[in-house]
Amino acid sequence: MISSIDLKRIAGEEAVLRNEPMAQYTTFGTGGPADLFIRPDSREKLEAVLAALKESGTPCFILGRGSNLLVSDAGYRGAVITLRKSMEAITVDGTRVTAEAGAMMPEVALAALRAGLSGLEFASGIPGTIGGGLIMNAGAYGSELKNVVCEAEVLTPSGEVVTLKSAELDLSYRHSALMGTENIVLSVTMELTPGNPEQIRAVMDDLNKRRRDKQPLEYGSAGSTFKRPEGYYAGALIEEAGLKGFHVGNAWVSEKHAGFVVNKGGASAAEIMQVIRHVQQVVLDRSGVPLEPEVRLLGEFN
Ligand SMILES: Cc1cc2nc3c(=O)[nH]c(=O)nc-3n(C[C@H](O)[C@H](O)[C@H](O)COP(=O)(O)OP(=O)(O)OC[C@H]3O[C@@H](n4cnc5c(N)ncnc54)[C@H](O)[C@@H]3O)c2cc1C
């Protein structure tokens with residue numbers, strides 16, 4: 001494992017933290033410490049940090065907003081890198097919007113609205129970065145990033161910056177070719193269509209109202225805990241299995257929307273995981289349908 005002193009020499013004194021609790025960086029509000037937490041303030045520093053981590057054999061993880069992430073209570077033995085704060089620029093060129101990976105999707109959607117561009121209305125309520133969104137092919141209310149992304153700049157494990165076209169990203173339901181690889185999204189370019197700002201705003205307002213009405217936004221969560229199984233809705237299967245309100249400690253199957261596991265305050269990652277596994281088992285026994293978590297895991301879980 002590389003020392004924090006060596007990393008500070010590369011990334012700067014302020015950019016490297018040791019034993020940083022991850023709970024504050026995840027929307028679940030859980031997670032133990034990462035050995036190292038790094039905020040490179042430029043692409044050059046990001047590349048240098050990655051090269052140093054690789055050379056020293058230090059595992060690393062790229063963090064977006066942590067809105068689809070469950071970090072174990074023991075944390076992560078390696079380096080977590082965040083692109084937020086330093087790589088958040090959004091530029092509009094005609095009908096093309098390019099956002100750096102750390103930009104939040106609601107901000108990107110807002111930039112599109114301001115430019116009178118339609119196509120990102122669905123993303124205005126998704127509380128993640130565009131980098132994490134591309135990895136997950138985030139989507140909602142009948143649309144998804146796949147419909148608008150034309151290309152992405154990616155830093156490959158060998159340190160090369162390449163531009164991948166939409167087809168090469170192989171985007172499908174909550175999946176991209178980059179998922180589970182060591183490639184890092186640097187920026188995403190989307191092709192949108194000219195639209196009426198008032199209508200775009202009205203669609204966003206409507207979708208966000210639907211979210212507020214249906215989703216337990218008052219509690220920590222990672223959105224839908226499970227992927228939608230082919231031919232079913234996870235929330236309906238969970239509700240039919242009588243699991244609404246099932247809880248372990250303060251980790252609950254939301255009573256408002258059974259598709260969400262929520263942290264009602266101080267739940268541990270282990271408790272959230274117990275709820276997830278119980279739900280999977282009961283639904284499998286009752287309906288024969290396996291539920292696959294949409295949530296990504298970081299660290300060790302028993
Ligand atoms: C209240 C709520 C509502 C939600 N609603 C929706 C919804 O409607 N639709 C939907 O699709 N999702 C939804 N989500 C889930 C989540 O917001 C999305 O999956 C989002 O795309 C995750 O982005 P993130 O930046 O938080 O990624 P993170 O959770 O930080 O990371 C997710 C994965 O992406 C990887 N990653 C992140 N950034 C990069 C990068 N730059 N390069 C390489 N890998 C990277 C991480 O390593 C990790 O594997 C919701 C979540 C919450 C809490």
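Since the model is a prediction, treat every value here as computed from it, not as a measurement. Atoms within a ligand are numbered from 1 in the order they appear, just like the ligands themselves.
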Problem set entry | Residue portion contacting ligand 1 (non-hydrogen atoms closer than 4.0 Å) for M136 | side chain

Exercise. Is there a donor in the side chain of T189 and an acceptor in the side chain of E151, or the other way round, less than 3.5 Å apart?
Worked result: no

Problem set entry | Heavy-atom nearest option to atom 6 (C) of ligand 1, drawn from L178, N68, I135, I126 | I126

Seminar exercise, completed: Looking at G133, G139, G102, S143, the heavy atom closest to atom 10 (C) of ligand 1 belongs to G139

For this session: Just jot down the ligand 1 atoms closer than 4.0 angstrom to any heavy atom of A222, in number order.
Result: 15 (C), 51 (C), 52 (C), 53 (C)

Exercise. So is N137 in contact with ligand 1, going by heavy-atom distances below 4.0 Å?
Worked result: no

Exercise. Is a donor on one side and an acceptor on the other found under 3.5 Å between the side chain of S254 and the backbone of A258?
Worked result: no

Seminar exercise, completed: Only one of Q215, K209, R211, R210 passes side-chain hydrogen bond (donor to acceptor under 3.5 Å, both in side chains) with D213, and that residue is K209

For this session: Pick one of side chain, backbone, both or neither for how A138 approaches ligand 1, counting any non-hydrogen atom pair under 4.0 Å.
Result: both

For this session: Would you check the N or O atoms of G64, main chain and side chain alike, for any that come under 3.5 Å of an N or O of ligand 1?
Result: yes

For this session: Please indicate whether any nitrogen or oxygen in L63 is less than 3.5 Å from any nitrogen or oxygen in ligand 1.
Result: no

Exercise. Less than 3.5 Å between some nitrogen or oxygen of S67 and one of ligand 1, yes or no?
Worked result: yes

Exercise. In terms of atom number and element, which parts of ligand 1 are under 4.0 angstrom from non-hydrogen atoms of A101?
Worked result: 41 (N)

Problem set entry | Side chain, backbone, both or neither: the part of L134 lying under 4.0 Å from ligand 1 by heavy atom | neither

For this session: Measure the CZ-CD1 distance between R39 and I81 for me, rounded to the nearest 0.5 Å.
Result: 12.5 Å

Seminar exercise, completed: atom 40 (C) of ligand 1: closest protein heavy atom, distance to 0.1 Å, is I62 CG2, 3.5 Å

For this session: Ignoring angles and geometry beyond distance, decide whether S221 reaches within less than 3.5 Å of ligand 1 through its nitrogen or oxygen atoms.
Result: no

For this session: Supply the atom-to-atom distance I135 CD1 to L169 CG, rounded to the nearest 0.5 angstrom.
Result: 9.0 Å

For this session: Between M105 and ligand 1, find which residue part has any heavy-atom pair under 4.0 Å and reply side chain, backbone, both or neither.
Result: side chain

Problem set entry | Subset of ligand 1 atoms that lie under 4.0 Å from at least one heavy atom of L83 | 41 (N)

Problem set entry | Residue and atom name of the nearest protein heavy atom (relative to atom 24 (P) of ligand 1), distance in Å to one decimal | R65 N, 3.4 Å

Problem set entry | Pair S287-E240, side-chain donor/acceptor within less than 3.5 Å | no

Seminar exercise, completed: for atom 48 (C) of ligand 1, nearest protein heavy atom and its distance come out as F61 CZ, 3.8 Å

For this session: May I ask whether E144 places a heavy atom under 4.0 Å from ligand 1?
Result: no

Exercise. Is there a salt bridge (Lys or Arg N to Asp or Glu O under 4.0 Å) between E294 and K227 once you walk through the steps?
Worked result: CA-CA 5 Å; E294 181 179 315; K227 288 190 185 178; over 6 Å; no

Exercise. Can any side-chain N or O of K54 pair as donor or acceptor with the backbone N or O of P157 at less than 3.5 Å?
Worked result: yes

For this session: Look at atom 32 (C) of ligand 1 and say which protein heavy atom is nearest, naming residue and atom and giving the distance to 0.1 Å.
Result: R296 CG, 4.1 Å

For this session: Take F260 and Y219 through the test ring-ring contact (aromatic ring centres under 6.0 Å, His included) and record every step on the way to the result.
Result: CA-CA 10 Å; F260 281 55; Y219 297 119; over 10 Å; no

Problem set entry | Subset of ligand 1 atoms that lie under 4.0 Å from at least one heavy atom of A140 | 8 (O)

Exercise. Y233 side chain to G259 main-chain N or O, any donor-acceptor pair under 3.5 Å?
Worked result: no

Problem set entry | N183 neighbourhood, listing ligand 1 atoms whose heavy-atom distance to it stays under 4.0 Å | 43 (C)

Problem set entry | Among V248, L243, T225, side chain to side chain contact (heavy atoms under 4.5 Å, CB included) partner for V275 | V248

For this session: Name the option, out of G132, G66, G125, that contains the heavy atom nearest to atom 28 (P) of ligand 1.
Result: G66

Problem set entry | Side-chain donor-acceptor contact under 3.5 Å, S124 with E121 | no

Exercise. Parallel, tilted or perpendicular: which fits the ring planes of H247 and W252, with parallel below 30° and perpendicular above 60°?
Worked result: parallel

Exercise. Checking T30 side chain against A23 main chain: does a donor-acceptor pair fall under 3.5 Å?
Worked result: no

Exercise. Which residue owns the protein heavy atom closest to atom 52 (C) of ligand 1, what's the atom, and how far is it?
Worked result: G223 N, 3.2 Å

Exercise. With a 4.0 Å cut-off on heavy atoms, is R174 touching ligand 1?
Worked result: yes

Exercise. Thinking salt bridges, do R43 and E153 make one under a 4.0 Å N-O criterion?
Worked result: yes

For this session: Mark yes or no for whether D73, through its side chain, and G32, through its backbone, hold a donor-acceptor pair below 3.5 Å.
Result: no

Exercise. Of the listed options (C60, G128, P127), which comes nearest to atom 23 (O) of ligand 1 when hydrogens are ignored and any heavy atom counts?
Worked result: G128

For this session: Classify the contact between T129 and ligand 1 as side chain, backbone, both or neither, using a heavy-atom distance cut-off of under 4.0 Å.
Result: both

Problem set entry | ligand 1 contacted by R211 (non-hydrogen, < 4.0 Å) | yes

Problem set entry | Location of contacts on S224 toward ligand 1, heavy atoms closer than 4.0 Å | neither

For this session: Give a yes or no on whether the backbone of N196 and the side-chain of Q199 come within a donor-acceptor separation of less than 3.5 Å.
Result: no

Exercise. Would you find a donor on one side and an acceptor on the other, under 3.5 Å apart, between the side chain of Q24 and the backbone of P21?
Worked result: yes

Exercise. At what distance is the nearest protein heavy atom to atom 42 (N) of ligand 1, and which residue and atom is it?
Worked result: V185 N, 2.9 Å

Problem set entry | Contacting atoms of ligand 1, where contact means under 4.0 angstrom from a heavy atom of I184 | 42 (N), 43 (C)

Exercise. What's the shortest distance from atom 1 (C) of ligand 1 to any protein heavy atom, and which residue and atom give it?
Worked result: L217 CD2, 3.7 Å

